[in-house]
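All heavy atoms count here, side chains included; hydrogens, waters and symmetry mates do not. Chain identifiers are assigned alphabetically (A, B, ...) following the order of the sequence lines, protein sequences preceding nucleic acid strands; residue numbering begins at 1 within each chain.
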Amino acid sequence: MKKPLAPRVTRAILLTLFSALFVLYVAGPVAWLVSSSLQSEAEITRVPPNWLPQNPSIANFEAIFSAADRVVTYENRRQGEALTSSFLPSGAANLLPAMRNSLVIGLWVAALNLLLSVTAAYAIAVIDFRGRRATLYTVLATRVVPDIALVVPLFLVIRNLGLINSLGALVVTYLAITVPFTIFILISYFEGIPRDLYRAARIDGCGHGRALWHVYLPLSLPALVASLTFAFLTSWNEFVFALVLTQNVAAQTLPIIISGFIMDFTTSFSFVNAAGVIAIIPPVLMAVVFQRYIVSGLTAGAVKG
Amino acid sequence: MARITCAALTKSYGAVLAVDALELSIGHGEFMVLLGPSGCGKTTTLNMIAGLEEISAGRLLFDETEVTWTPPHKREVAMVFQSYALYPNKTVRENIAFPLRLRGQSASEIERAVGAAAEQLEITHLLGRRPNELSGGQRQRVALGRAIVRKPSVFLMDEPLSNLDATLRLSMRGLIKRLHQELKATFVYVTHDQAEAMTLADRIAVMKGGLIQQLDTPEGIYERPANIFVAGFLGSPPINLVEGVIAGGAFTRGDFRLALTNPPQEGRAVVLGLRPEDVSAGGDVTARVELVSPLGSETHLDVLAEGGVALTLRVPKEWRAAPGDRLSFGIDPARLHIFDKASETRL
Ligand SMILES: Nc1ncnc2c1ncn2[C@@H]1O[C@H](COP(=O)(O)OP(=O)(O)OP(=O)(O)O)[C@@H](O)[C@H]1O
Ligand SMILES: [Mg+2]
């Protein structure tokens with residue numbers, strides 16, 4: 001039976017209204033980021049601000065991609081006037097190398113994270129071994145400690161290993177941060193896969209490796225994608241560990257370099273925002289590509305009831 | 001590998017003893033049914049045979065080979081689950097082919113085997129579909145296909161028909177029986193449905209509380225139940241059980257007396273078992289008809305005899321009776337079951 005018309009209309013209006021508010025709240029800052037990256041410094045600081053750039057200019061982006069060719073000397077480092085947007089921070093040339101570092105680290109973290117957490121989660125969720133609960137709680141307990149408390153011990157460990165200022169140091173660190181979470185995500189997902197499918201696979205001739213490969217992985221695509229995205233984004237955005245564990249452009253990541261732009265003598269907000277736009281491109285691409293895998297109902301039809 | 005021997009097979013979950021020192025030997029090509037109420041350990045037993053459940057104690061042998069610790073994928077048994085357990089991401093064809101693919105068979109071999117199995121189960125037209133596009137009966141056929149395509153010598157089935165409706169269950173029962181005759185494999189079949197057990201089994205193991213109560217042919221179990229539990233578990237409507245004592249070579253309860261051909265010792269407290277159908281027209285037992293339930297092919301009568309003995313009778317539809325009527329019928333003493341009241345075992 002259909003509901004009467006009036007409540008349906010009210011419902012639709014309310015839903016639309018709140019969705020719109022929510023979108024505004026979430027997308028507003030991003031829109032401003034993009035818009036301001038196309039504005040001159042003078043335009044950004046104007047009151048009231050312009051939501052749409054009056055004289056859109058890609059000068060900031062040009063500057064980012066040409067920064068490497070520009071020789072920065074003491075004489076020319078303060079050249080240019082911030083308000084006319086010709087100003088370039090001294091570290092601008094580090095932006096693209098840092099982005100490359102971030103990408104390399106992010107991809108390694110995502111790949112290794114998946115490898116580690118998929119196998120660990122399978123073992124804990126599926127195999128009935130002595131101490132599986134204890135294992136799970138131990139893994140999760142490591143995430144109860146706030147990151148900031150781990151900075152110093154981790155720094156000492158990494159330094160003693162001679163890994164300071166290397167990409168590997170960050171990869172290892174980010175794995176330690178992300179793997180417990182992704183194990184947890186995957187365990188809950190694996191446990192939701194009907195146990196009879198595991199039994200059927202074992203009977204049909206799968207050892208654990210093949211049961212994981214042929215049955216669990218194809219049915220866990222949404223969780224795998226979520227884990228992958230989470231691992232990549234965590235690594236992409238991380239700041240504190242990167243700040244402590246890296247010292248120069250050989251291993252520094254995007255958040256470190258970008259934050260450096262506002263510690264300079266003069267800050268060009270339009271340039272920082274342009275860098276910000278570049279920094280959100282990979283995550284946005286990732287979200288666009290992966291969102292279609294985040295679907296439910298993959299196990300429909302497997303078992304009765 | 002075709003003979004299965006369980007020697008003191010035991011499974012405990014912490015303090016719960018799910019299967020208690022089970023002794024069972026299943027012959028080559030035999031159709032063995034494990035029958036019992038919910039929670040009696042049927043599935044656990046089957047899973048131990050399959051290797052899906054670790055064996056707590058005891059030994060399991062396939063022919064002369066001990067397989068107690070062999071992982072399931074090395075045991076070469078096929079299994080059909082109550083829930084069908086089809087791989088939802090694979091088509092019907094891929095589902096059936098999966099065990100063969102894992103064994104590294106060639107594409108043409110697989111194609112041929114899948115085609116043959118599909119034909120046997122009449123699901124050829126479904127090969128391209130996915131499990132969520134199938135009805136329950138079709139899914140169970142696919143699950144059977146996945147089992148038979150490997151031509152294993154042992155089939156394990158855990159209540160494969162209990163999710164199907166009554167008509168479908170009947171036709172699938174026939175299909176399974178035919179498969180058993182054609183494949184000449186050893187079947188171990190779990191059910192709590194007595195009609196399935198009776199029609200399919202070469203032998204039935206009736207279980208309760210992790211123990212086998214009786215192991216016999218369907219006829220043996222029905223005709224000579226070893227104890228009150230087995231007698232009550234099989235038969236529909238269930239067997240009439242009446243408590244009483246032996247007096248003067250007859251079963252007695254108040255004014256209700258039945259002479260016995262082979263009476264136990266005088267004064268013993270016993271339970272009399274009378275199958276509803278074991279009555280004949282005209283005889284020396286009289287009772288008042290309380291309830292008449294015509295079923296078309298036969299009629300069930302609830303009657304009250306002397307001594308307050310309430311009985312359910314299964315009689316031919318020609319017996320016309322109305323509530324309140326007095327009814328006389330005969331009981332063949334040779335068809336009575338007498339159980340000891342204390343031990344509940346057959347005397
Ligand atoms: N994983 C488990 N942990 C603890 N107890 C269990 C477990 N699995 C089964 N049991 C217990 O073992 C006993 C036997 O269970 P089983 O599944 O073999 O029964 P069943 O005869 O197959 O019953 P049903 O007809 O309901 O399927 C039950 O008492 C059950 O509670
Ligand atoms: Mg069961």
Side-chain angles (χ1 to χ4, degrees), chain A residues 118-119 122-135 186 189-226 290 292-305, chain B residues 13 43 46-47 49-54 71-92 94-104 129-136 138-140 142-143 146-147 149-150 152 154-156 158-160 162-164:
Chain A
V118 155
T119 44
Y122 176 87
I124 294 174
V126 176
I127 304 172
D128 193 12
F129 64 94
R130 207 176 288 272
R132 67 197 265 206
R133 284 284 137 206
T135 312
L186 289 170
Y189 210 86
F190 285 173
E191 281 178 346
I193 290 176
R195 185 81 183 162
D196 271 356
L197 283 184
Y198 162 77
R199 298 199 176 101
R202 294 304 307 275
I203 293 285
D204 282 344
C206 294
H208 284 303
R210 297 218 248 182
L212 174 60
W213 181 255
H214 289 291
V215 177
Y216 280 85
L217 291 190
L219 296 180
S220 309
L221 214 52
L224 296 180
V225 166
F290 280 163
R292 66 196 188 94
Y293 295 109
I294 306 204
V295 291
S296 59
L298 281 186
T299 55
V303 297
K304 172 92 178 186
Chain B
Y13 295 106
T43 299
L46 202 68
N47 284 346
I49 296 175
L52 294 171
E53 214 50 274
E54 205 169 278
H73 60 292
K74 304 229 168 92
R75 289 196 188 181
E76 291 302 328
V77 300
M79 191 158 175
V80 178
F81 299 86
Q82 176 179 0
S83 68
Y84 320 135
L86 301 179
Y87 307 115
N89 51 322
K90 298 186 194 305
T91 62
V92 169
E94 290 163 348
N95 262 282
I96 300 179
F98 187 57
L100 302 182
R101 260 186 59 207
L102 290 174
R103 281 166 186 71
R129 295 205 201 165
R130 284 185 198 278
N132 62 352
E133 299 162 341
L134 301 177
S135 73
Q138 291 169 333
R139 284 182 206 182
Q140 200 53 288
V142 176
R146 188 176 60 185
V149 76
R150 286 161 50 186
V154 174
F155 275 93
L156 308 174
D158 191 358
E159 310 202 22
S162 52
N163 276 333
L164 305 178

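For residues 191-213 of chain A, the pairs satisfying ring pair (Phe, Tyr, Trp, His ring centres under 6.0 Å) are A:Y122-A:H208, with sequence neighbours left out.
Using a 4.5 Å cut-off between heavy atoms, A:A211 does not touch chain B at all. Of the two parts of B:K74, neither the backbone nor the side chain holds a non-hydrogen atom closer than 4.5 Å to a non-hydrogen atom of chain A. Looking at B:R130, there are no atoms closer than 4.5 Å to chain A (heavy atoms on both sides), in backbone or side chain. Interface remark: B:A50 contributes backbone and side-chain atoms alike to the contact with chain A (heavy atom separation under 4.5 Å). Interface residue A:L197: backbone and side-chain heavy atoms are both found under 4.5 Å from chain B. With a 4.5 Å cut-off on non-hydrogen atoms, A:R202 touches chain B through its backbone and its side chain both.
The environment of A:R133 atom CZ is dense: over 12 non-hydrogen atoms of other residues, nucleotides or ligands sit within 6.0 angstrom. For A:Y293, the OH atom is loosely surrounded, since the number of other residues' heavy atoms within 6.0 Å does not exceed 12. Atom CD of B:E133 sits in a crowded spot, with more than 12 heavy atoms from other residues, nucleotides or ligands closer than 6.0 Å. The 12-atom threshold is not exceeded at CZ of B:R101, counting heavy atoms of other residues, nucleotides or ligands nearer than 6.0 Å.
One finds the CG atom of A:D128 at 12.5 Å from the CG atom of B:L52 (value rounded to the nearest 0.5 Å). In this structure, CZ on A:R195 lies 10.5 Å from CZ on B:F81, to the nearest 0.5 angstrom.
A:R199 has its side chain within reach of B:N47: a pair of non-hydrogen atoms, C-beta onward, lies under 4.5 Å apart.
Between the side chain of B:R103 and the backbone N or O of A:D204, at least one donor-acceptor pair lies under 3.5 Å. A distance-only check finds a donor-acceptor pair linking the side chain of B:Y87 to the backbone of A:A201 [under 3.5 Å].
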- Message: Does B:H73 form a side chain to side chain contact (heavy atoms under 4.5 Å, CB included) with A:I203? I'd like the steps, not just the answer.
- Response: CA-CA 5 Å; B:H73 60 292; A:I203 293 285; over 6 Å; no
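Minimum interatomic distance between A:A200 and B:A85 (heavy atoms only, all atoms of both residues): CB-O, 3.8 Å.
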